[in-house]
A.B. asks: 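Questions regarding the structure given below will be posed in turn.
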Amino acid sequence: SQTIHQWPATLVQPVGSPLSLECTVEGTSNPNLYWYRQAAGRGLQLLFYSVGIGQISSEVPQNLSASRPQDRQFILSSKKLLLSDSGFYLCAWSVGQAYGYTFGSGTRLTVV
Amino acid sequence: QQQVKQSPQSLIVQKGGISIINCAYENTAFDYFPWYQQFPGKGPALLIAIRPDVSEKKEGRFTISFNKSAKQFSLHIMDSQPGDSATYFCAASSNQFYFGTGTSLTVIP
């Protein structure tokens with residue numbers, strides 16, 4: 001069966017520090033991968049998606065970046081965090097656009 | 001531009017009552033309409049989904065009603081329970097996924 005792993009679960013980082021969040025998928029090949037951000041009490045904002053290794057599409061301009069070094073690995077990074085980067089970050093995967101997403105358990109990021 | 005409009009933003013229902021969440025869309029190319037349930041501190045999980053060739057889909061206490069001509073679909077939760085208290089997202093997709101803004105449901109015992 002397919003599973004998605006996302007870590008860490010919680011993270012507190014100072015302003016200006018770097019960020020690296022990792023997401024891995026098991027049990028499937030060539031998945032579409034996504035990074036979403038959810039502000040407190042708000043909806044889901046698509047940040048990045050990838051349809052293959054090294055292929056990254058950005059939906060929202062910001063100081064975040066994403067990389068896909070392996071087929072089932074998706075990394076969200078920042079060189080210098082801002083207070084506004086605080087939120088709940090979710091990784092998700094799908095097989096094509098016509099089927100549902102499977103979300104990871106999320107990372108609660110607090111920038112202080 | 002919000003591709004999928006969801007209402008209400010929040011909903012309070014008595015235990016045993018019916019919870020109804022509505023979504024509307026404009027893009028007639030959408031061909032898949034899922035609903036997600038999210039508990040606090042967790043990722044959203046697929047609850048139920050429908051394709052536009054049917055008008056209703058039922059799974060246990062959860063039902064999607066789909067009105068293709070009105071470009072609307074809704075989630076009905078029958079016999080709502082306190083354990084149903086969560087945030088619910090509708091979504092629509094063709095070659096890209098679009099989520100509604102979410103509805104916070106509270107079921108009062």
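A, B, ... follow the sequence lines: proteins, then strands. Residue 1 opens every chain. Heavy-atom basis, side chains included; hydrogens, waters and symmetry copies ignored.
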A.B. asks: At a heavy-atom separation under 4.5 Å, does B/Pro34 approach chain A through its side chain, its backbone, both, or neither?
C.D. replies: neither
A.B. asks: Answer with side chain, backbone, both or neither: which region of B/Gln6 has an atom nearer than 4.5 Å to a non-hydrogen atom of chain A?
C.D. replies: neither
A.B. asks: Determine whether a donor-acceptor pair (N or O, by modelled atom type, separation under 3.5 Å) exists between the side chain of A/Asp71 and the backbone of A/Asn30.
C.D. replies: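 Yes, because the side chain of A/Asp71 sits within donor-acceptor range (under 3.5 Å) of the backbone of A/Asn30.
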A.B. asks: Between A/Gln13 (side chain only) and A/Pro18 (backbone N and O only), is there a donor and an acceptor less than 3.5 Å apart?
C.D. replies: yes
A.B. asks: Hey, does the side chain of A/Glu22 reach the backbone of A/Pro8 with a donor-acceptor pair shorter than 3.5 angstrom?
C.D. replies: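 No; zero donor-acceptor contacts below 3.5 Å.
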A.B. asks: Go through the atoms of A/Leu44 and report whether side chain, backbone, both or neither lie under 4.5 Å from a heavy atom of chain B.
C.D. replies: both
A.B. asks: At a heavy-atom separation under 4.5 Å, does A/Gln6 approach chain B through its side chain, its backbone, both, or neither?
C.D. replies: neither
A.B. asks: Of the backbone (N, CA, C, O) and the side chain (C-beta and beyond), which part of A/Ile4 lies under 4.5 Å from a heavy atom of chain B, both, or neither?
C.D. replies: neither
A.B. asks: Please determine if A/Glu26 and A/Arg72 form a salt bridge, counting it only when a charged side-chain N lies under 4.0 Å from a carboxylate O.
C.D. replies: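 No, A/Glu26 and A/Arg72 are not salt-bridged.
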A.B. asks: Do B/Tyr36 and A/Tyr101 have their ring centres less than 6.0 Å from each other?
C.D. replies: no
